[in-house]
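Computed from a predicted model, the values in this text were never measured in an experiment. Quick note on labels: first sequence line is chain A, next is B, and so on, each numbered from 1.
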Amino acid sequence: MTDPITPPRARFAPSPTGFFHVGSARAALFNWLFVRQHGGTFVLRIEDTDEARNRPEWADGIITALDWLGMSPDEGPYFQSAQEASHQAAIEALWDSGALYACACTREQIDERTRERAAAGDPTPGYDGFCRDLGLPRGDGRALRFRTPDEGVVEVHDLVRGDVEFPQRALEDFICVKGNGKPLFVLANAVDDRTMAISHVIRGEDQLPTTPRQIMLWGALNGAEGADLALPAYAHLPLLVNERGKKLSKRRDPVAVEMYRAQGYLPDAFRNYLALLGWSPGDEEIVPLEVLLEKFRLEDVQRSPAFFDIQKLSHMDGVYLRALPVDGFVAAARPWVDPAPGEWSPESWTDPDTGAPVVSPPAWAPERYDVGVFASLADVIQERVTTLSEVPELVDFLFLEDAPDDPDSFKKAIAGDEGAAQILSAALAAYEVCPWDKEALHELTQAIADTVGRKLGKAQAPIRVAVMGRTRGLPLFDSLAVLGRTETCRRLAAALARLAA
RNA sequence: GGCCCCAUCGUCUAGAGGCCUAGGACACCACCCUCUCAAGGUGGCGACACGGGUUCGAAUCCCGUUGGGGCUGCCA
């Protein structure tokens, strides 16, 4: 598509009815990308008109999450609840122009008539226009409906899906003002887009069916207000679905962006992965932001739904983690390994169902944590984790008082290995006097392996478990070198004692 | 039920009528490397939903079928 003559104004308009949904994050990203490459404005509008379900902290959560992903708005946040005056003005204008009429039907009455119609062979669902020409006055808790034409089609020109036609006869007279006088989403949304001079509406495909209503409303508003505002361009993004192909649901799918943050996904990796859902940069998938900004095209967006694949996200996060400079990695890992309070901690995210944190705080005391010690092993940690929340288990042996106790590992490599005592004793004897560096440790341990007639891989297991607690983990000799002779030998002796007991 | 959307390996996708014996990535499997575990390397498995057209030629265009999904609230 050719660049618009005037810079675009796109909005991200979430409703604060829960945590920040990954689908929302993807929509925000595509808006943001589009606006950035055209020198436009990214507007954040919080649609908080549903008093029953909104909570201020959810709005804060959206802002924090956008900030985390590096997509802070250029304008806003605007709160829809603050736009009441313009909503009311629009309602008055629409009423005066005759575009609306009051309806006294209850849901039950409408359903009843639908059933009767169906029984008579008419399959048309929805409102039948019962009150359309009754000339009922406003008030008395009556909702206001929009008078839709009976003939013709409404055409949506969609930037990703092409032209989509909706036959008018399938479009019922929909409610746009509640019985309490407040506007419904379909109206408030359109009015706000007008007052905020929005040029591009980029949102999920689930909004496509309401688009013809908004287009009709837009036209009616132009007439009623004597204005001639250009309709925004629409772009409906493919839905994000779960493994069963269903739209991601807050109920049963892991969709909270905050949760991914707590689990230690890097924002750059998360954003990169999000960009790949419904769009492709072509050759290389792992692309820096600059390339994303250069290559992204709304018209290249896929039309079919995309599965949110945590495995691929994790792979990508691992790649980003490994690509970090070591000091960058140390800094990024801080909230997961340093028990001292920081400005944000992974335990701050609690599962909405259980109320429990999804990530536990480090098991060691704040005073035992040593960033220098951590940094000295950072390079070997870096290539072994896929997310930052996996880091603590790799380094706990450094900061806990004793070796971590993993019963399965102890049983497998020490208690259940009749050669373990000999290896442990030999290691203890040798380690007490040898030069303390990883090369010397490596050679000595190899010598012990030779004398007991085992490969080093087999011989190191008891030592590893005695000192580091588990059969798997960081490279042994690097770890011992950092832990130190005193503590290493103490733990070897402790394992021997435990074995003897 | 009605309206709308969608359809390439298990998944995300490349593919804009001949470059396709359909390419890449994740996952999976095997081997190599190796002090465990990773990382890395090499190789393997694996898809154009089906049926009709159009065309010299179709994954690509058209129609239909089937399948999947979304919407169908005085929620947003």
* **Value in whole Å for how far the P atom of B:C71 lies from CD of A:Glu165** => 23 Å
* To do: Identify the nucleotide, in any strand shown, that forms a Watson-Crick or G-U wobble pair with B:G73, with both distances under 3.5 Å; if there is none, say none.
  => none
* Asked: Just by distance, with hydrogens left out, do A:Asp173 and A:Tyr101 show a side-chain donor and acceptor under 3.5 Å apart?
  -> yes
* Asked: What is the nucleic acid contact for A:Pro305, judged by heavy atoms within less than 4.0 Å: base, sugar-phosphate only, or nothing?
  -> sugar-phosphate
* A:Ala143 vs A:Gly278, nearer the 5' end of RNA chain B by closest nucleotide -> A:Gly278
* May I ask you to evaluate whether A:Lys178 reaches the phosphate of B:A76, defined as a side-chain N or O under 4.0 Å from OP1 or OP2? => yes
* To do: Would you indicate which nucleotide in B:C71, B:G73, B:C4 comes nearest to any side-chain atom of A:Arg107?
  => B:G73
* Give a yes/no on whether any side-chain N or O of A:Arg470 is located under 4.0 angstrom from OP1 or OP2 of B:U36. => no
* Any strand: nucleotide that pairs with B:C31 via Watson-Crick or wobble, under 3.5 Å -> B:G41
* To do: Write down the distance between CD (A:Glu284) and C1' (B:U13), rounded to a whole number of angstrom.
  => 13 Å
* When the nearest nucleotide of RNA chain B is assigned to A:Tyr273 and to A:Phe166 on a heavy-atom basis, which residue is associated with the more 5' position? -> A:Phe166
* Less than 6.0 Å separating the ring centroids of A:Tyr273 and A:Phe308? -> yes
* Donor/acceptor link under 3.5 angstrom from A:Glu285 side chain onto base of B:G24 -> yes
* **Stepwise side chain to side chain donor-acceptor pair (under 3.5 Å) check, A:Thr387 with A:Tyr260** => CA-CA 9 Å; A:Thr387 65; A:Tyr260 289 97; over 6 Å; no
* **Minimum-distance nucleotide to A:His442 side chain [options: B:C75, B:C35, B:C12]** => B:C35
* Check whether any side-chain N or O of A:Thr49 sits under 4.0 Å from OP1 or OP2 of B:A76, and answer yes or no. => yes
* Does a nitrogen or oxygen in the side chain of A:Arg472 sit under 4.0 Å from OP1 or OP2 of B:C35? -> no
* Asked: Starting at CG of A:Asp283 and ending at P of B:A25, how long is that distance when rounded to a whole Å?
  -> 12 Å
* Consider only side-chain N and O atoms of A:Tyr265 and A:Ser389, and report whether a donor and an acceptor are under 3.5 Å apart. => no
* To do: From the options B:A38, B:C74, B:C35, select the nucleotide whose nearest atom is closest to the side chain of A:Arg384.
  => B:A38
* To do: Compare side-chain N and O positions of A:Arg464 against OP1 and OP2 of B:C35 and report whether any pair is under 4.0 Å apart.
  => no
* Ignoring hydrogens and angles, does a donor from either the side chain of A:Lys312 or the base of B:A25 sit under 3.5 Å from an acceptor on the other? -> yes
* Same-atom distance (C1') from B:G1 to B:U8, integer angstrom -> 33 Å
* A:Trp58 vs A:Phe19 aromatic rings, parallel, tilted or perpendicular, using cut-offs 30° and 60°? -> perpendicular
* Select one nucleotide: of B:A76, B:A14, B:A25, the one nearest the side-chain heavy atoms of A:Ser280. => B:A14
* Using a cut-off of less than 4.0 Å, is there contact between a side-chain N or O of A:Gln311 and OP1 or OP2 of B:C12? -> no
* Indicate, yes or no, whether a donor-acceptor pair under 3.5 Å links the base of B:C6 to the side chain of A:Arg303. => no
* Asked: Of the candidate nucleotides B:C12, B:A25, B:C35, which contains the atom at the shortest distance from the side chain of A:Leu276?
  -> B:C12
* Please walk me through it: do A:Thr386 and A:Asp317 pass side chain to side chain donor-acceptor pair (under 3.5 Å)? -> CA-CA 6 Å; A:Thr386 222; A:Asp317 200 60; over 6 Å; no
* Asked: Base, sugar-phosphate alone, or nothing: which one does A:Gly457 contact when heavy atoms must sit under 4.0 Å apart?
  -> sugar-phosphate
* Classify the nucleic acid contact of A:Pro167 as base, sugar-phosphate or nothing, counting any heavy atom under 4.0 Å across all strands shown. => sugar-phosphate
* Listed nucleotide nearest any side-chain atom of A:Val164, set B:C74, B:C4, B:A76 -> B:C4
* Asked: Considering only side-chain heavy atoms of A:Leu239, which listed nucleotide, B:G69, B:C3, B:C74, is closest?
  -> B:G69
* For A:Leu184, answer base if it contacts any base atom (sugar-phosphate contacts may also be present), sugar-phosphate if it contacts only those atoms, and nothing otherwise; contact means non-hydrogen atoms under 4.0 Å. => sugar-phosphate
* **Cation-pi geometry met for A:Arg213 and A:Phe146 (6.0 Å, 45°)** => no
* With distance as the sole criterion, is a donor-acceptor pair present between the side chains of A:Arg117 and A:Thr114 under 3.5 Å? -> yes
* A:Arg113 CZ to B:G2 P: how many Å, rounded? -> 21 Å
* To the nearest Å, give me how far apart CG (A:Leu474) and P (B:U36) are. => 14 Å
* Atom-pair distance (CG on A:Asp478; C1' on B:C35), nearest Å -> 10 Å
* To do: Answer with base, sugar-phosphate or nothing: what part of the nucleic acid does A:Arg142 contact at a heavy-atom distance below 4.0 Å?
  => nothing
* Check the side chains of A:Thr211 and A:His236 for a donor-acceptor pair under 3.5 angstrom, ignoring hydrogens and angles. => yes
* To do: If B:G18 has a Watson-Crick or G-U wobble mate with both distances under 3.5 Å, name it; if not, just say none.
  => B:C56
* **Length of the CG-P vector between A:Asn242 and B:G69, whole Å** => 10 Å
* **Sugar-phosphate only, base, or nothing, as touched by A:Phe477 at under 4.0 Å among non-hydrogen atoms** => base
* To do: Determine the Euclidean distance between corresponding P atoms of B:A22 and B:U65; express it in Å to zero decimal places.
  => 31 Å
* Just checking A:Thr471: base, sugar-phosphate only, or nothing, at a heavy-atom cut-off of under 4.0 Å? -> base
* Short side-chain N/O contact to B:G70 OP1/OP2 from A:Lys246, under 4.0 Å -> no
* When all nucleic acid strands are considered with a 4.0 Å heavy-atom cut-off, which category describes A:Gly126: base, sugar-phosphate, or nothing? -> nothing
* Taking atom P of B:C4 as reference, at what distance in whole Å does atom CZ of A:Arg169 sit? -> 8 Å
* To do: Name the closest nucleotide to the A:Gln302 side chain, picking from B:A14, B:C35, B:G70.
  => B:A14
* For B:C9, the Watson-Crick or wobble partner whose two distances fall under 3.5 Å -> none
